[in-house]
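One structure below.
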2 protein chains.
Amino acid sequence: MSAKADDVEPVFSITDLAQELDLTTRTIRFYEDRGLLRPARRGQQRVYSRADRTRLKLVLRGKRLGWPLDDIREMIELYDTPDGERKQLTVMLNKIAQSRATLLQQREDIELALSEFDDIEARCKAQLDSTH
Amino acid sequence: MSAKADDVEPVFSITDLAQELDLTTRTIRFYEDRGLLRPARRGQQRVYSRADRTRLKLVLRGKRLGWPLDDIREMIELYDTPDGERKQLTVMLNKIAQSRATLLQQREDIELALSEFDDIEARCKAQLDSTH
DNA sequence: CCCGCTCTTGACGTTAACGTCAACGTCAAC
DNA sequence: GTTGACGTTGACGTTAACGTCAAGAGCGGG
């Protein structure tokens with residue numbers, strides 16, 4: 001009779017996530033310690049929802065971009081602030097602008113590096129050809 | 001009579017660069033220690049050429065992208081390997097491919113984050129409007 | 001000559017982001 | 001009941017990327 005008979009939300013253990021995302025459990029607990037995750041508990045064991053898993057993926061993306069954990073936390077918090085905290089909205093818009101500026105700078109850096117690599121590679125290949 | 005009477009290459013002191021690029025001299029020396037720079041010496045003092053300055057800027061770009069110093073060094077070395085080290089050329093092409101892959105991943109991460117921020121911001125502004 | 005300034009090296013401290021290790025809880029299986 | 005497998009907390013170790021501090025070299029001015 002349960003209205004949600006079949007669509008039970010999948011849950012993950014800490015080792016599930018560690019294996020899937022190629023992390024150690026120690027690292028995942030550390031992220032929790034730093035406020036990046038707040039999994040539920042069954043007894044004293046951690047239980048991760050699909051949303052928790054998404055958050056963790058966001059953390060990894062932040063890491064790939066070289067962001068410090070504190071910044072990543074701020075960035076992630078943008079995704080799930082309870083709609084309606086009227087006064088917080090402009091604060092949030094500011095943070096978004098901040099993050100966006102950083103991202104734009106990074107993208108610019110990347111574009112530059114990529115085009116430079118194209119040049120270098122071209123010269124490299126020319127050298128290879130010329131020396132036959 | 002000097003053929004290069006007027007086009008003397010400008011040189012910089014370590015504090016010049018520190019001020020211009022907003023670093024401490026300690027940091028610049030540290031980068032040298034890690035093999036990222038090799039300035040000339042006048043006596044025992046460091047003298048930076050325009051090329052050294054460019055290298056240092058490349059280091060900063062690497063830092064903005066969150067790369068570790070060792071990776072940055074490898075990346076920079078791509079810019080000034082003595083043309084012709086025949087056997088090294090393919091090694092170099094490999095490293096370029098490596099770096100490029102990382103950059104492309106980072107760019108993808110950035111594009112995703114940016115578009116997500118657009119969404120969040122839109123919802124934010126909608127909220128602001130609705131609450132009048 | 002001495003002063004003050006800039007620069008140098010070297011030793012040690014610090015912070016972030018984990019890894020490692022020890023000691024213990026829990027629960028299903030035998 | 002005990003034996004693993006899995007999970008927990010807490011203490012301590014480690015590495016990268018610097019900062020801080022001490023002691024001294026070199027040099028132009030008065």
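Naming: A, B, ... by sequence-line order, numbering from 1 per chain.
Going from atom CD of B/Gln44 over to atom C1' of C/dG10 covers 13 Å, rounded to whole Å. Residue B/Tyr31 contributes atom OH, which lies 8 Å from atom C1' of D/dA17 at whole-angstrom precision. The separation between A/Asp70 atom CG and C/dA17 atom P is 6 Å, rounded to whole Å. With rounding to whole Å, A/Gln19 atom CD is found 13 Å from D/dA5 atom C1'. Regarding A/Asp16, its CG atom lies at a distance of 13 Å from the C1' atom of D/dG7, rounded to whole Å. In this structure, the CD1 atom of A/Ile28 is 15 Å from the P atom of D/dC6, given to the nearest Å. Rounded to an integer number of Å, the gap from CZ of B/Phe30 to P of C/dT9 is 15 Å. In this entry the distance linking CH2 of A/Trp67 with C1' of C/dA16 reads 17 Å, nearest Å.
Checking the phosphate oxygens (OP1, OP2) of D/dG19, a side-chain nitrogen or oxygen of B/Thr27 falls inside 4.0 Å. Checking the phosphate oxygens (OP1, OP2) of D/dT9, a side-chain nitrogen or oxygen of A/Arg41 falls inside 4.0 Å. Proximity of B/Arg46 to the phosphate of C/dC7: no side-chain N or O atom is located under 4.0 Å from OP1 or OP2. Contact annotation: B/Thr25 side-chain N/O to C/dC7 OP1/OP2 distance is not under 4.0 Å. Applying the 4.0 Å criterion to OP1 and OP2 of D/dG19, one finds that B/Thr24 has a side-chain N or O inside that range. The phosphate of D/dA17 has neither OP1 nor OP2 within less than 4.0 Å of any side-chain N or O from B/Lys63. A sub-4.0 Å separation between OP1 or OP2 of C/dT6 and a side-chain N or O of B/Ser13 is absent. The shortest distance between the side-chain N/O atoms of A/Arg26 and the OP1/OP2 oxygens of C/dT20 is not below 4.0 Å.
Listed candidates were C/dC18, D/dC18, D/dC6. Nearest to the side chain of B/Leu69 is D/dC18. Listed nucleotides: C/dA17, C/dT8, D/dG7. Nearest to the side chain of B/Ile14: C/dT8.
Between B/Arg34 and B/Asp70 there is a salt bridge, with a side-chain nitrogen of the basic residue lying less than 4.0 Å from a carboxylate oxygen of the acidic one. Under 4.0 Å is where a charged nitrogen must lie from a carboxylate oxygen, and between A/Glu32 and A/Arg38 no such pair does. Between B/Arg100 and A/Asp118, at least one side-chain nitrogen of the basic residue sits less than 4.0 Å from a carboxylate oxygen of the acidic one, meeting the salt-bridge criterion.
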Next item on the list: Step by step, work out the side-chain contact (heavy atoms from CB on, under 4.5 Å) result for B/Gln106 and B/Trp67.
Entry: CA-CA 11 Å; B/Gln106 287 192 301; B/Trp67 293 34; 3.1 Å; yes
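A donor-acceptor contact closer than 3.5 angstrom links the side chains of A/Gln105 and A/Asp109.
Looking at B/Arg55 and B/Tyr31, their side chains never come closer than 4.5 Å, going by heavy atoms from C-beta outward.
Not a single donor-acceptor contact under 3.5 angstrom links the side-chain atoms of A/Arg29 to the base of D/dT8.
Pairing of C/dA29, defined by two Watson-Crick or G-U wobble distances under 3.5 Å, is identified with D/dT2. Taking a pair to require two hydrogen-bonding distances under 3.5 Å in either a Watson-Crick or a G-U wobble arrangement, C/dC3 pairs with D/dG28.
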